[in-house]
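Atoms considered below: every heavy atom in the structure, side chains included; atoms not considered: hydrogens, waters and symmetry mates.
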Amino acid sequence: MSAALALPDSARLVASWRAGVLSLPDDQVPCPGMIWRSPGEGGREGVWRHVRKAMLVFLDEWGEHAADLGWSTEALFGVHRAAGAMRSDSTGALVSLYPRRCIALCEREIHLERRSSIMVDRGLINPADSVPLWLFAASQKRIAHNTLRQAI
């Protein structure tokens, strides 16, 4: 029996989430609606890199609990299949403008904090149009590749 098959369902789901997040480059935003530089004069560079790191920290600290509570891949990591993170109704809780850390999690709410500001996410309004961030990024890469091939 493979080691992966011996893992409980929640551990397998968390492992798949981790693989998805790790498949995303940390040096470029994976979809429209996400930023690389904070707004304003003197805005911080590399914001996406910090969001990606916050996702991995979430998986370390809360991943199995989220899986056990029934949080879906899209509810945490989803983006709109056509508009990316520009459509907040289809954007998962961890795909946020700035990195936040989870401070509480239950079946229907996730509480995320950044600099003493708490955001409560109660799930997707439009889950049917949401796909995992890494699938969106992979589809955009395929589209760009095909466009380039057709141009040659």
Side-chain angles (χ1 to χ4, degrees), residues 3-141 143:
L5 293 176
L7 293 174
D9 289 343
S10 58
R12 280 199 303 267
L13 182 55
V14 172
S16 75
W17 290 341
R18 177 175 300 286
V21 172
L22 290 173
S23 75
L24 298 166
D26 72 347
D27 62 347
Q28 66 187 50
V29 293
C31 73
M34 301 187 85
I35 64 170
W36 180 255
R37 181 185 175 127
S38 300
E41 193 173 317
R44 182 175 72 164
E45 293 284 331
V47 172
W48 159 246
R49 182 177 291 129
H50 296 286
V51 171
R52 182 179 179 270
K53 182 178 178 183
M55 289 176 176
L56 294 170
V57 168
F58 172 84
L59 292 174
D60 290 341
E61 297 177 358
W62 297 89
E64 286 197 36
H65 187 53
D68 289 341
L69 288 173
W71 281 80
S72 70
T73 303
E74 292 77 14
L76 294 171
F77 302 102
V79 295
H80 189 273
R81 67 180 68 253
M86 295 177 78
R87 289 273 306 266
S88 61
D89 63 334
S90 302
T91 300
L94 300 179
V95 182
S96 57
L97 186 59
Y98 294 104
R100 290 174 165 76
R101 67 182 186 88
C102 182
I103 57 171
L105 181 67
C106 60
E107 287 178 1
R108 294 195 171 102
E109 289 184 354
I110 183 170
H111 297 240
L112 302 165
E113 185 268 340
R114 180 179 182 266
R115 295 184 182 167
S116 301
S117 173
I118 298 173
M119 177 181 90
V120 178
D121 191 295
R122 291 182 175 87
L124 297 174
I125 297 167
N126 190 16
D129 282 339
S130 185
V131 296
L133 180 58
W134 45 89
L135 292 183
F136 181 93
S139 72
Q140 295 304 299
K141 188 183 273 188
I143 290 169

> Met86 versus Pro32: any side-chain heavy-atom pair under 4.5 Å?
Replying inline: yes
> What do you reckon, is CZ of Arg108 surrounded by more than 12 foreign heavy atoms closer than 6.0 Å?
Replying inline: no
> Should Arg52 and Leu22 count as side-chain neighbours, where that means a heavy-atom distance under 4.5 Å?
Replying inline: yes
>> Hydrogens and angles aside, do Glu45 and Trp36 bring a side-chain donor and acceptor to less than 3.5 Å of each other?
In response: yes
> Can you check whether Val95 reaches Met55 side chain to side chain, under 4.5 Å on heavy atoms?
Replying inline: yes
> Mind checking whether His65 and Trp62 have parallel, tilted or perpendicular rings, split at 30° and 60°?
Replying inline: tilted
>> Any non-hydrogen side-chain atom of Trp134 less than 4.5 Å from a side-chain atom of Trp17?
In response: yes
> Between Leu76 and Ala66, which heavy-atom pair has the shortest distance, and what is it?
Replying inline: CD1-CB, 4.2 Å
> Can you find a pair of side-chain heavy atoms, one from Val29 and one from Val47, that are under 4.5 Å apart?
Replying inline: no
>> So which atom in Ile110 and which in Phe58 form the shortest heavy-atom distance, rounded to 0.1 Å?
In response: CD1-CE1, 3.7 Å
> Can you tell if the side chain of Leu133 reaches within under 4.5 Å of the side chain of Met34, non-hydrogen atoms only?
Replying inline: yes
> With a 4.5 Å limit on heavy-atom distance, are the side chains of His80 and Ser130 in contact?
Replying inline: no
> Does the side chain of Ser90 come under 3.5 Å of the side chain of Asp129 through a donor N or O and an acceptor N or O?
Replying inline: no
> What are the two closest non-hydrogen atoms of Pro132 and Thr73, and how far apart are they?
Replying inline: CG-CG2, 3.6 Å
> Nearest 0.5 Å, what's the CD1-CG distance between Ile103 and Leu112?
Replying inline: 8.0 Å
> Which heavy-atom pair separates Pro99 from Val51 by the least distance, and what is that distance?
Replying inline: N-CG2, 3.7 Å
